[in-house]
Amino acid sequence: MQLSLDRPPLALIACGDDWMSRALESVFQQHGYVVANTRSGAQTMELARLANHDLLVLDESLADVKALDVCRAIRDGTPYDHSIPVVITSPTPVNPTARMAAFAAGAWEYCSHPVDLEPVFVKLETFLRGRSELLQVRSEDFVNATTGLYTSFGLRQLAGKLGAAAFRKHAAFACVAVAPQVHDREVGSSTLWKESPTGFADVAHVFREQSRQSDVVGHVGDSRFAILAPDTDADGARLLVARLQRELDKALENKSIAGQVRLRAGFSAVSDLATANLNVAELVHRAESALDHVPRQSEIDAIVSFDDLPTY
């Protein structure tokens with residue numbers, strides 16, 4: 001049965017046994033799939049982050065990382081698309097305990113050798129058609145209508161494209177996570193700050209007007225932004241935040257925003273994305289982790305680098 005999609009679906013087959021890997025590849029190609037192969041569980045997790053696969057097949061013959069652990073990491077990890085089905089195959093006969101363990105790890109199907117994939121392909125045709133429709137709906141919501149900035153979905157899609165370009169060029173790349181705070185009140189000699197929808201909207205306006213054409217600004221939460229900054233190293237990330245803070249201060253002087261806004265920011269930057277062995281999604285995650293370490297009420301150190309976080 002051939003899949004009825006507007007493009008050939010992409011399957012990633014992770015199998016430590018050469019003969020079984022070739023057999024699985026042949027069957028999937030006969031059903032219209034484009035197949036990528038790996039013999040490493042660790043490489044599977046990396047490839048699953050970098051490419052938009054429609055299906056992952058994990059065989060229990062993987063030597064470096066168990067198929068269940070790979071499945072669990074992909075199902076629970078933030079850099080992955082959790083709507084991608086994962087099929088686990090086993091060289092031993094299926095037993096109820098192993099099947100339940102696979103389902104608990106997030107597997108969509110569990111099969112044993114010799115693999116009877118015909119029922120799987122029938123289910124996949126229905127599932128992938130529905131997933132294609134979901135992605136189409138998501139693509140129509142690329143930009144937030146209220147703020148004019150990219151949605152979290154749009155940000156993820158562009159992160160992959162920008163990261164691939166930076167990887168090819170061995171270029172620098174920075175991700176900055178920002179949480180705006182508005183001036184609340186004075187207590188003694190201290191200024192108190194708070195997060196608010198008004199401050200968020202004001203910063204969105206300034207970001208939309210003043211961010212560089214090469215930068216991508218989008219939502220990563222109800223009160224946070226992320227900036228994807230190609231060709232930007234750590235020094236450039238700090239300068240980027242400082243420039244945006246200056247623009248916010250100017251906007252206050254010009255009365256184009258409602259009140260004083262201070263930026264709390266965390267960032268992660270590399271001088272060469274290819275040699276850093278990271279992708280942009282991981283840089284965003286690290287930038288958000290750095291932001292979590294920025295004091296909410298401190299007047300200094302309002303920006304923190306992921307590389308400066310303590311290690312335990």
Side-chain angles (χ1 to χ4, degrees), residues 1-5 7-132 134-135 160 164 277-279 281-282:
M1 180 177 294
Q2 300 290 324
L3 286 163
S4 302
L5 297 175
R7 61 170 178 79
L10 175 62
L12 174 61
I13 296 177
C15 181
D17 182 277
D18 287 339
W19 184 90
M20 180 53 62
S21 179
R22 290 194 296 271
L24 289 170
E25 178 179 4
S26 176
V27 172
F28 275 91
Q29 288 177 339
Q30 291 172 15
H31 284 78
Y33 282 78
V34 174
V35 178
N37 293 283
T38 177
R39 299 185 62 183
S40 162
Q43 187 178 41
T44 299
M45 291 186 283
E46 182 65 15
L47 291 173
R49 293 195 300 173
L50 295 174
N52 187 27
H53 296 93
D54 297 292
L55 172 69
L56 303 179
V57 179
L58 309 176
D59 191 77
E60 289 186 341
S61 60
L62 292 173
D64 58 337
V65 184
K66 293 182 179 179
L68 287 182
D69 293 334
V70 174
C71 183
R72 193 175 295 110
I74 289 174
R75 187 61 67 223
D76 295 339
T78 54
Y80 303 105
D81 182 348
H82 298 160
S83 69
I84 298 175
V86 178
V87 174
I88 294 181
T89 57
S90 172
T92 59
V94 173
N95 65 73
T97 300
R99 183 185 294 274
M100 289 305 298
F103 291 156
W108 181 80
E109 184 60 276
Y110 185 80
C111 309
S112 64
H113 304 169
V115 181
D116 180 12
L117 288 174
E118 287 306 318
V120 176
F121 285 119
V122 172
K123 290 195 290 184
L124 277 171
E125 184 177 17
T126 300
F127 184 89
L128 292 180
R129 186 185 299 116
R131 183 170 181 268
S132 177
L134 172 63
L135 293 178
N277 196 29
L278 294 170
N279 62 24
E282 180 63 24

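In what follows, residues are counted from 1 in the order of the sequence shown.
Between the side chains of S40 and T38, no donor-acceptor pair of N or O atoms lies under 3.5 Å.
Using a distance-only test at 3.5 Å, with no hydrogens or angles considered, a donor-acceptor pair links the side chain of S61 to the main chain of G16. A distance-only check finds no donor-acceptor pair linking the side chain of D59 to the backbone of M20 [under 3.5 Å]. Between the side chain of S21 and the main chain of D17, no donor-acceptor pair closer than 3.5 Å is present.
Atoms CD1 and NZ, from I88 and K66 in turn, are 12.5 Å apart once rounded to the nearest 0.5 Å. In this structure, CG on D76 lies 8.0 Å from CZ on R72, to the nearest 0.5 angstrom. Between the CG atom of L56 and the CE atom of M45 there is a distance of 11.5 Å, given to the nearest 0.5 Å. To the nearest 0.5 Å, the span separating CG on N37 from CG on L24 amounts to 9.0 Å.
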key: Trace of the salt bridge (Lys or Arg N to Asp or Glu O under 4.0 Å) decision for R39 with D18   = CA-CA 8 Å; R39 299 185 62 183; D18 287 339; 3.3 Å; yes
task = Check step by step if salt bridge (Lys or Arg N to Asp or Glu O under 4.0 Å) holds for R99 and E109.
result = CA-CA 8 Å; R99 183 185 294 274; E109 184 60 276; 3.7 Å; yes
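H31 and F121 have parallel rings, their planes meeting at less than 30° on a 0 to 90° scale where 60° marks the start of perpendicular.
The minimum heavy-atom distance between V86 and C71, with the atom names listed, is CG1-SG, 3.8 Å. Contact between L12 and A48 at its shortest, heavy atoms only, is CD2-N, 4.5 Å. The minimum heavy-atom distance between L55 and P85, with the atom names listed, is CD1-O, 3.4 Å. In this structure, D69 and V65 approach most closely via the heavy-atom pair CB-CG1, 3.9 Å. The two residues P91 and E60 have their closest heavy-atom pair at CD-CB, 4.0 Å. For the pair R75 and I84, the tightest heavy-atom approach, listed with the atom from each and the gap, is NH2-O, 3.3 Å.
Between I13 and Y33, every side-chain heavy-atom pair lies at or beyond the 4.5 Å cut-off. The shortest distance between side-chain heavy atoms of V122 and E118 does not fall below 4.5 Å. With a 4.5 Å cut-off on side-chain heavy atoms, V57 and C15 do not count as touching.
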